[in-house]
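Here is the structure we will look at.
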Amino acid sequence: MTALAALIRRDIRIALRVGGGALIGVLFFLTVVVLMPFAVGPDLALLSRLGPAILWLGALLASLLTLDRLFMADHEDGSLDLIAMSRTPLELACAAKALAHWLAAGLPLIIATPVLGLLLNLDMVATGAVALTLLAGTPALTFTGMIGAALAVTLHRGGLLMAVLVLPLSIPVLIFGVAASQAAIVGPMSFGAPFSILCALSLVSLVVGPFAAAASLKHGLD
């Protein structure tokens, strides 16, 4: 556990430093949300209806933007080989790295959501609902994206491959995240059903993601 905690702290420090990727994701999220009202126009009612989908789409793209560095930096400096050869199971190491990535890159998106919701004409109840669904759904984006990052780490032009692999797996999370947000804001569908499915997707990715990523890394590093 000490080794895993040290790995989490190390990855968070790397992600938060200049050029680490966490700040890039937040700035991209901010850019998407700020530009969208200019594209939609002055219709505030339309902007309110599209607000949850805009926030979720921005969070999805911002998460994908930073996932390519999840294993790539460690592979380039040789740290990934040391992690693979250590006594810590590679599955736990992958889970720790994904958790650190979510804390550094995913959690700031959730914290920024209430403020950015004001730009989309969302009230406090609506922004709270969107933030809650992002809190439940963004771990699924991270742990699912970790599989694509592990597959692409030893390949040239791996970033493009990762996007092709991860986007289809992220679509269910996007669908149920937006559906739960809309249900909490306007109804008539119950909030519980899509939110429960969203939590289930995160739990499944939490279990499957580390094992799939570890298997991909073992195959790629051999």
Side-chain angles (χ1 to χ4, degrees), residues 8-9 11-12 15-16 21-34 36 48-67 70 94-147 149 166-167 169-187 189-210:
I8 292 173
R9 289 195 301 268
D11 279 16
I12 291 176
L16 293 180
L23 181 61
I24 296 175
V26 175
L27 291 177
F28 182 83
F29 185 45
L30 175 64
T31 302
V32 171
V33 176
V34 169
M36 199 57 66
S48 297
R49 290 197 301 272
L50 295 178
I54 294 171
L55 289 171
W56 256 99
L57 188 60
L60 169 62
L61 296 177
S63 298
L64 289 178
L65 188 66
T66 56
L67 275 173
L70 187 58
C94 289
K97 289 184 68 64
L99 176 61
H101 179 273
W102 181 80
L103 291 174
L107 193 59
L109 304 181
I110 301 170
I111 296 174
T113 297
V115 177
L116 297 180
L118 299 176
L119 301 176
L120 302 174
N121 196 38
L122 296 176
D123 56 24
M124 293 304 297
V125 175
T127 53
V130 176
L132 181 61
T133 58
L134 286 174
L135 181 62
T138 48
L141 299 177
T142 299
F143 280 86
T144 302
M146 176 176 58
I147 303 173
V166 173
L167 272 177
L169 298 176
S170 303
I171 290 176
V173 181
L174 177 65
I175 291 173
F176 289 106
V178 175
S181 301
Q182 294 286 7
I185 297 171
V186 296
M189 184 174 59
S190 171
F191 172 76
F195 185 74
S196 298
I197 296 174
L198 186 64
C199 293
L201 291 173
S202 289
L203 291 175
V204 170
S205 67
L206 180 63
V207 174
V208 176

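Quick caveat: nothing in here was measured; it's all calculated off a predicted structure. By convention here, the first residue in the shown sequence is residue 1. Heavy-atom basis, side chains included; hydrogens, waters and symmetry copies ignored.
A donor-acceptor distance shorter than 3.5 angstrom exists from the side chain of S48 to the backbone of N121, with no hydrogens or angles considered. Between the side chain of S205 and the main chain of F143, no donor-acceptor pair closer than 3.5 Å is present.
To the nearest 0.5 Å, the span separating CD1 on I54 from CG on L116 amounts to 11.5 Å. The distance from atom CG of L67 to atom OG of S63, rounded to the nearest 0.5 Å, is 6.5 Å. Annotation: the span from C199 atom SG to L206 atom CG amounts to 12.0 Å, rounded to 0.5 Å. Between the CZ atom in F28 and the CG atom in L61 there is a gap of 5.0 Å [rounded to 0.5 Å]. Between atom CG of residue L198 and atom CD1 of residue I175 there is a gap of 11.5 Å, rounded to the nearest 0.5 Å. Here the CG-CG distance, from L99 to L107, works out to 10.0 Å after rounding to the nearest 0.5 Å.
Annotation for G137 and S202: closest pair CA-OG, 3.8 Å, computed over non-hydrogen atoms. Of all heavy-atom pairs spanning W102 and P108, the tightest one is O-CD, 4.5 Å. The heavy-atom pair separating S181 from W56 by the smallest distance is OG-NE1, 3.8 Å. Nearest heavy atoms, V173 versus A140: CG2-CB, 3.9 Å. Closest approach of M146 to P210, counting heavy atoms only: CE-N, 3.5 Å. Nearest heavy-atom pair across P52 and I185 is CG-CD1, 3.5 Å.
For the side chain to side chain contact (heavy atoms under 4.5 Å, CB included) with L141, the qualifying choice from L201, L134, V166, L60 is L60, the only one to do so. Between V130 and the choices I110, L135, T113, the side chain to side chain contact (heavy atoms under 4.5 Å, CB included) rule is met once, by T113.
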> Does the side-chain contact (heavy atoms from CB on, under 4.5 Å) test come out yes or no for V33 and L120, once each step is laid out?
Replying inline: CA-CA 8 Å; V33 176; L120 302 174; 4.0 Å; yes
